[in-house]
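Both ligands and their constituent atoms are indexed starting at 1 by order of listing. Computed from heavy atoms alone, side chains included, the values below leave out hydrogens, waters and symmetry copies.
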Amino acid sequence: MIMIKGAVGKKKYKEPFSKGIMARSLYITDLGYDKSYEIATCIENKLLEENISEISIEDLAIFVTNYLKNYVDPVLAEKYIKWRNVRKSKEPLIILIGGASGVGTSSMAFELASRLGLKNLISTDMIREVMRKIVSQELSPVIHKSSFNAYESIRTPLLGPDPVVEGFISHVDVVNVGVEAVIERALKEGISIIIEGVHIVPGFIKEDLIRKSNVILFTLIVRDENTHKSRFYSRCRQPWVKRSLDNYLSNFHLIRKTQSFMIDQAIKHNSKIIDNVDVTYTIDIMVNDIIEKYGGSYDVKQESKRNNDN
Ligand SMILES: Nc1ncnc2c1ncn2[C@@H]1O[C@H](COP(=O)(O)OP(=O)(O)O)[C@@H](O)[C@H]1O
Ligand SMILES: O=C(O)[C@@H](COP(=O)(O)O)OP(=O)(O)O
């Protein structure tokens with residue numbers, strides 16, 4: 001059996017090498033579960049071949065990086081080490097995924113959480129639902145509507161040419177208070193989290209939060225109208241889904257307007273836009289962006305030095 005040595009603060013511990021845990025950490029490199037497990041098995045065999053029965057967690061990371069570089073693919077080695085840097089960061093990762101109704105924010109958030117092994121995921125629809133219990137319809141009628149038809153509840157005189165966009169802005173502005181509270185709590189507690197939904201819009205979240213280096217925002221869109229429309233069919237297909245397909249189809253032109261507004265906002269605030277046509281493409285872009293932004297440099301020697309210093 002191979003034992004892994006680690007430390008939490010000054011407290012040292014040992015645990016047996018687990019192919020499952022190793023496979024999980026390789027999964028980030030987009031190898032897929034089966035391939036990750038296969039490589040984890042090869043790494044275990046290589047350790048045994050080299051008569052290594054005990055290894056520190058840092059040396060194991062170097063061993064894995066070298067294995068990937070020499071026997072699998074140097075690009076994957078780089079991804080692996082960069083993701084390790086992200087995970088070792090002292091700050092939690094706050095991933096915000098916005099997009100108009102139906103573009104796939106909840107599905108992509110779930111996929112991303114699974115790829116990154118993140119356990120916390122919340123939808124802004126749920127935040128809004130809690131707020132609806134606290135804030136009466138009389139006080140804020142807009143949040144008791146959907147984002148795309150909130151304009152029907154605007155009480156104040158219209159300021160611009162497009163009531164739909166104005167309703168959307170008022171709606172997002174209120175729910176954004178709850179979104180910011182979740183971000184602040186996650187930062188305070190050191191919890192990595194993904195927050196997804198129509199209420200994540202560039203330009204609405206407080207500057208001091210969005211500017212933080214560990215907060216990242218993606219705006220998902222579906223540029224092609226027909227593809228976007230077909231998403232509502234696939235979403236409402238399952239028998240347990242209670243949302244009415246007709247509601248989204250008859251309001252589709254309004255939903256498209258909210259998407260156009262979100263695109264304008266993302267461009268204005270220099271924020272990432274992803275055309276969510278293909279799951280693999282979307283997840284790869286998000287993962288690559290995250291590791292490029294927070295993964296630091298790819299330096300095995302650095303890891304080695306850190307290890308020797310300990
Ligand atoms: N990249 C994609 N390719 C194909 N189907 C997708 C993609 N992203 C999402 N979907 C599907 O589109 C539908 C709407 O996605 P969903 O995540 O519910 O949207 P949202 O949360 O943005 O309203 C779901 O049936 C989902 O499985
Ligand atoms: O307000 C909105 O636009 C949608 C967003 O939810 P998703 O369609 O993005 O899940 O919520 P609804 O009022 O339809 O429950």
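- The existence of a salt bridge linking Lys188 and Glu184 is excluded, since no basic side-chain nitrogen approaches an acidic carboxylate oxygen closer than 4.0 Å.
- There is no side-chain donor-acceptor pair under 3.5 Å between Lys206 and Asn176.
- If you look at Asp278 next to ligand 1, the close heavy atoms, those under 4.0 Å, all belong to the backbone.
- Of the candidates Glu196, Arg231, Arg235, Arg235 brings a heavy atom nearest to atom 23 (O) of ligand 1.
- Between Ser106 and ligand 2, a contact under 3.5 Å exists for no N or O pair.
- Across Gly197, Ser106, Gly99, Ser230, heavy-atom proximity to atom 21 (O) of ligand 1 is greatest for Ser106.
- Ranking protein heavy atoms by distance to atom 26 (C) of ligand 1, first place goes to Ser107 OG, 3.3 Å.
- A salt bridge is absent between Asp73 and Lys35: the closest approach of a Lys/Arg side-chain nitrogen to an acidic carboxylate oxygen does not fall below 4.0 angstrom.
- Atom-to-atom distance recorded for Tyr13:OH and Lys5:NZ is 12.0 Å, nearest 0.5 angstrom.
- Residue contact check: Val279 has heavy atoms under 4.0 Å from atoms 1 (N), 2 (C), 3 (N) of ligand 1.
- Heavy-atom separations between Val103 and ligand 1 include at least one value shorter than 4.0 Å.
- Under 4.0 angstrom from ligand 2, the non-hydrogen atoms of Arg128 all belong to its side chain.
- Within the 4.0 Å heavy-atom criterion, the part of Met108 lying near ligand 1 is the side chain and not the backbone.
- Annotation: atom 14 (C) of ligand 1 to nearest protein heavy atom, Gly102 O, 3.7 Å.
- Closest to atom 8 (N) of ligand 1, if we only count protein heavy atoms, is Asn276 ND2, 3.1 Å.
- Ser244 and Asn247 are not linked by any side-chain donor-acceptor pair at a separation below 3.5 angstrom, with hydrogens and angles left out of the test.
- Which parts of ligand 2 touch Tyr248 is read off a 4.0 Å heavy-atom cut-off, strictly below it: atoms 12 (P), 14 (O), 15 (O).
- Among the atoms of Asp125, some N or O lies under 3.5 angstrom from an N or O of ligand 2.
- Ligand 2 places these atoms under 4.0 Å from at least one heavy atom of Phe148: 3 (O).
- Nearest non-hydrogen protein atom to atom 13 (O) of ligand 2 is Ser146 OG, 2.5 Å.
- For ligand 2, the atoms closer than 4.0 angstrom to any heavy atom of Arg235 are 7 (P), 8 (O), 10 (O).
- Under a 4.0 Å N-O distance rule, the pair Asp284/Arg115 qualifies as a salt bridge.
- Under a cut-off of 6.0 angstrom, the local environment of CG in Asn270 is sparse, with at most 12 non-hydrogen atoms contributed by other residues, nucleotides or ligands.
- On a distance-only criterion, Ser101 and ligand 1 share no N/O pair closer than 3.5 Å.
- Taking the six-membered ring where tryptophan is involved, the planes of His199 and His171 are essentially parallel, since the angle between them stays under 30° and well short of 60°.
- Contact check on Glu50 versus Lys46 returns a salt bridge, with a Lys/Arg side-chain nitrogen under 4.0 Å from an Asp/Glu carboxylate oxygen.
- Between Ser234 and ligand 1, a contact under 3.5 Å exists for at least one N or O pair.
- Residue-level proximity to ligand 1 for Val277 is carried by the backbone, the only part with a heavy atom below 4.0 angstrom.
- Of all non-hydrogen atoms in Arg87 and Leu118, the two that sit nearest each other are NH1-CD2, 3.9 Å.
- Looking at ligand 2, you'll find an N or O of Ser101 within less than 3.5 Å of one of its N or O atoms.
- Annotation: Lys145 places no N or O atom under 3.5 Å from an N or O atom of ligand 2; distance criterion only.
- The number of heavy atoms from other shown groups lying within 6.0 Å of CZ (Arg223) does not exceed 12.
- Taking a cutoff of 4.0 Å between a charged side-chain nitrogen and a carboxylate oxygen, Glu78 and Lys82 qualify as a salt bridge.
- Classification of the Tyr71-Tyr67 ring pair by plane angle, with boundaries at 30° and 60°, yields tilted.
- Taking any N or O of Ser147, backbone or side chain, at least one lies under 3.5 Å from an N or O belonging to ligand 2.
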